[in-house]
Engineer: 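Pasting in a structure now, in structure tokens, and then I'll have a few things to ask.
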Amino acid sequence: MTALLEVNNLKKIYQSRRSGVAIEALSDIQLEVEAGEYVAIMGESGSGKSTLLNILATLDKPTSGQVMLDGRDLKTVSEKEAAAFRRQHLGFVFQDFNLLDTFSVKDNILLPLVLSRMALKEMLPLLDQVAKSLGIQALLEKFPYELSGGQQQRVAVARAIITKPELLLADEPTGALDSHTSDQLLEVFQQINQQGQTIVMVTHSSIAASRAKRVLFIKDGLVFHQLYRGEMTNQQFLEMIAETMTALLSKED
Amino acid sequence: MFFVKLAFQNLRKNKRAYLPFFISMIFLVALNTVAQLIITNPDMAKLPGGASAQMMFGLGGNIIIIFSVIFAIYTNSFLLKQRQREFGLYNVLGMGKRELYRLVFWENVFSYLMSIIAGLITGFVFGKLSFLILRKLLGAQSAFGFHVAGSVYLLVTVMFLIIYILLLLIDILRIRRTNPIELLHSDRSGEKEPKSRWLITIIGLLTLGTGYYWAVTIKTPLDAISLFFVAIVLVIIGTYCLFIAGSVTLLKFLKHRPNFYYKANHFISVSNMIYRMKQNAAGLASICILSTMVLVTMATTVSLYIGRADTVTSLYPYDLSIQVNEPGTTTSLKAVDKAIADAQDKYPNVKITEKNRVSVYEVPFTKKAQGYQTLDPNKSYNADTINMQFITTQTYERLAKDKANISGHQVIAYPVRGSLPGRHFQINGTDLVVQRTIHSLPNFKQQRTPIDMILLVMPNQASIDKILKAAYPGQAASQAPTVKTFFDFKAPNHKTRIAFKDTIKKDLAKTHTTAFLESKDEYEETSNYITGGFLFLGIIFGIAFTLATALIIYYKQVSEGLDDKKRFEILQKVGMDRKAIKKVIHSQIMTVFFFPIIMAIIHLVFAFSFIKNLLLVFGLVNGDLILWTTIATVAIFVIIYFIVYQLTAKAYYKIVERQS
Ligand SMILES: Nc1ncnc2c1ncn2[C@@H]1O[C@H](COP(=O)(O)OP(=O)(O)OP(=O)(O)O)[C@@H](O)[C@H]1O
Ligand SMILES: [Mg+2]
């Protein structure tokens, strides 16, 4: 089986325009994700997780290195095509939600479908489905400013998964949720993953990470360590992740 | 001292927010200075017709003051909106509201000092400049000088002190009413979705419709002036209602049509426009009203100025006309003849042409379905008033050199303005039949008047007397005719012309007759002052309103650009390509921009018949001239508007498209 996503020697250097200081956010990332996989990425704040995800989502360009999605080099996706490419192949849950305040929750979720010119008849059943699975049916007619942070996050997730993308990228999707709703969201992720949805999720929570099949640790712009679930239960996997985290942190000192 | 320093720092740091505010305030100070300099100029009163011109300018000055207050509040509200977040931050960081008031107070003090100083200097420079223009327009002599009264500066300084105190109160009230969280977030979008308001929409439609209907159906200018004012108020109310409620209602209506709404291009524009209209409807309506004002003032005043020669000829068909209206006119007429002959002796090189003398009976009537009835002497002239002139067949035949061939009830009708109810009509019950209609009467050119006028050639003196008797019952003697003596004259130069006219005028005054002299030259001079004065006012208003429009547009672009930037970024991330986004931005800008100007042009179209009627009061009958002037005004204004649009749209695109 070939990898759905393949990242080779990815490097990203931010050049600060004002001071001219270069910040190396990613130095040399190697990564492969197979179709149907569920990968969690962990790392401390500022380690470059969002940067990586943004590059995978074609929202940002790498300084060097290669990203292949489904056999296609993202470099060949021109700026013009990038938007359509994102719409057709990717779903993205942003760290800061990025909901449009001019749209109701319903319209926010439908946005990618409308942009793809789907017929209204086809959209509505999809909307029902995701809204139910995320428990936001009651919020559909509300506006983002009327929602709590956690509710907004679930809406952002709904918008990302409604298109059934080849690859779902999520940047801390449980960041603003309490443990209950966070469980609910992770349940949804697991469900759609079982239906074949490939997921790459950035998270700070070991619990969230423990639901994935594989966990990557990023440090100093490198994939530092990987853990595979194998046959472990959630609980066992969680313990292992926690141990690794402590080990990683203590090594630093 | 701390607050003084902090306030000063704020002004410097917030240059971007403060600059447009300063420009507006300086502009307002300068505008008022110019206006007051003109109004208080002592030379103005010395001009012929100067008193009325001064009154006119005084009125204009008051309008500018009202406009300044409104515009200052608008500009300030825009500034306040941008600064609220900063106030919130200070508040959260431990600055009490009291301290905030002090901060705002000092900011306003600096702001006041800066704008008043810069404004007065600018005002002085432009005052001088506009005086030169005004003098040119009026064709006034060099005696018309530029005077600078210190009182003007004092007046403007005090006026803006009051305006600034008002602004300070508004600021304080605003800070007082909000809590820190709100202050912090007040510049963040995420407002409630506006509701559709059918009632206000319907009120808007009704008021606009009524206003339009009145503006179009008004037939006579005398009616027009009072009614049209009401029509203007209705149209203004209608415009605001429709922009504020109507636009949102329409968009929400579209939004509730899922098959229309959930289309890629409608989806984003409709939902964005709802918010845009909510935030900007008042601004857009103001742009529309201001644009309409500019168009109407400019079209009217320019028409008057360009058409002033036309006006003079239509109001004064002859160079000189002397009317005598008293029983036993022979002595008076002799005095008239003598005055003319004496003047001729004195100025032998003045050549008199087209001289004639006509006896005519003039009676005002009220229009009725079948004909005319004597005007109630207690009532003033109105749309139904008509002036009838009666002449005899002898007079007609002498003038027209044509056989009248009428008898009995027959008349020859010359509708100078307006028309007859039909071939058969009655005057106070007397039946008359129109034998034929003529459209000019040689050697007796008619004056164009704002009210209807019909000249009737009657078979004989008896038939005229019969009508006069019915019209003025109880008066024993038959009414005396008005004897009009009129002629054109050519003089070798302007000075002789004026001297010749003045000689006759003085001579007649000495004879103590009731002879009433009308001189085209005299009128021409006053007309120059009046039309020139109007044009000058028109230009000042035009510039003021256009600048105000441009500033409102600029504010809108900047504030919307900041809001829209984030939205378009998100859309791009979610998968809308740049080209599509550009298209949406473009169509949005176009709609927002051209909606007000298109509405303004529609307003103008409906106001056109009124403008024509109004100009008729001033004696301007040349409809083509008015039409072309109006079209040219619209064209020029649209070009200026488009340039403003281009400039500010660039600022908007820069904000929206700035890559983060
Ligand atoms: N636009 C940018 N310009 C310059 N530097 C940037 C930019 N975006 C991110 N960085 C820097 O790159 C590094 C990685 O940032 P990134 O946002 O990927 O971190 P992260 O792992 O997502 O952190 P967190 O868990 O806090 O979200 C940081 O040091 C950050 O300061
Ligand atoms: Mg991040």
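Since the model is a prediction, treat every value here as computed from it, not as a measurement. The sequence lines fix the lettering, A, B, ..., with proteins before strands; numbering per chain opens at 1.
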Engineer: Just verifying a value: how many Å separate B/R567 CZ and A/F103 CZ, rounded to the nearest 0.5 Å?
Structural biologist: 9.5 Å
Engineer: Using a 4.5 Å cut-off on heavy atoms from C-beta on, say whether the side chain of A/L100 contacts that of B/L571.
Structural biologist: yes
Engineer: Which of residues 105-121 of chain A have a heavy atom under 4.5 Å from any heavy atom of chain B?
Structural biologist: A/K106, A/D107, A/L110, A/L111, A/P112, A/V114, A/L115, A/R117, A/L120
Engineer: Can I get a per-line list of side-chain donor-acceptor pairs under 3.5 Å for residues 131-139 of chain A, giving both atom names and the distance, sequence neighbours left out?
Structural biologist:
{"from": "A/S133", "atom 1": "OG", "to": "A/Q129", "atom 2": "O", "distance (Å)": "3.4"}
{"from": "A/S133", "atom 1": "OG", "to": "A/V130", "atom 2": "O", "distance (Å)": "2.9"}

Engineer: Could you tell me whether B/K583 atom NZ has more than 12 heavy atoms of other residues or ligands within 6.0 Å of it?
Structural biologist: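 No - once you tally the heavy atoms of other residues, nucleotides and ligands closer than 6.0 Å, there are 12 at most.
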Engineer: Heavy-atom distances under 4.5 Å only: say whether B/I268 touches chain A with side chain, backbone, both or neither.
Structural biologist: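 B/I268 touches chain A through backbone and side-chain heavy atoms alike.
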Engineer: Quick one: which of A/G91, A/A83, A/A57, A/A84 has the most heavy-atom pairs under 4.5 Å with chain B, could you say?
Structural biologist: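 Looking at each option in turn, the highest pair count goes to A/A83.
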Engineer: Given A/T102, which partner from the list B/I274, B/V270, B/N272 fulfils the side-chain contact (heavy atoms from CB on, under 4.5 Å) test?
Structural biologist: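 Exactly one pass, corresponding to B/N272.
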Engineer: Taking side chain to side chain contact (heavy atoms under 4.5 Å, CB included) as the test, write out the residues that go with B/K573, two or more places apart.
Structural biologist: A/L59, A/F94, A/N98
Engineer: Run the side chain to side chain contact (heavy atoms under 4.5 Å, CB included) test against B/R257 and tell me which residues pass, sequence neighbours left out.
Structural biologist: B/F253, B/F260
Engineer: May I ask you to decide if B/Q572's main-chain N or O and A/R86's side chain share a donor-acceptor pair within less than 3.5 Å?
Structural biologist: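 Judged by distance alone, yes, a pair lies under 3.5 Å.
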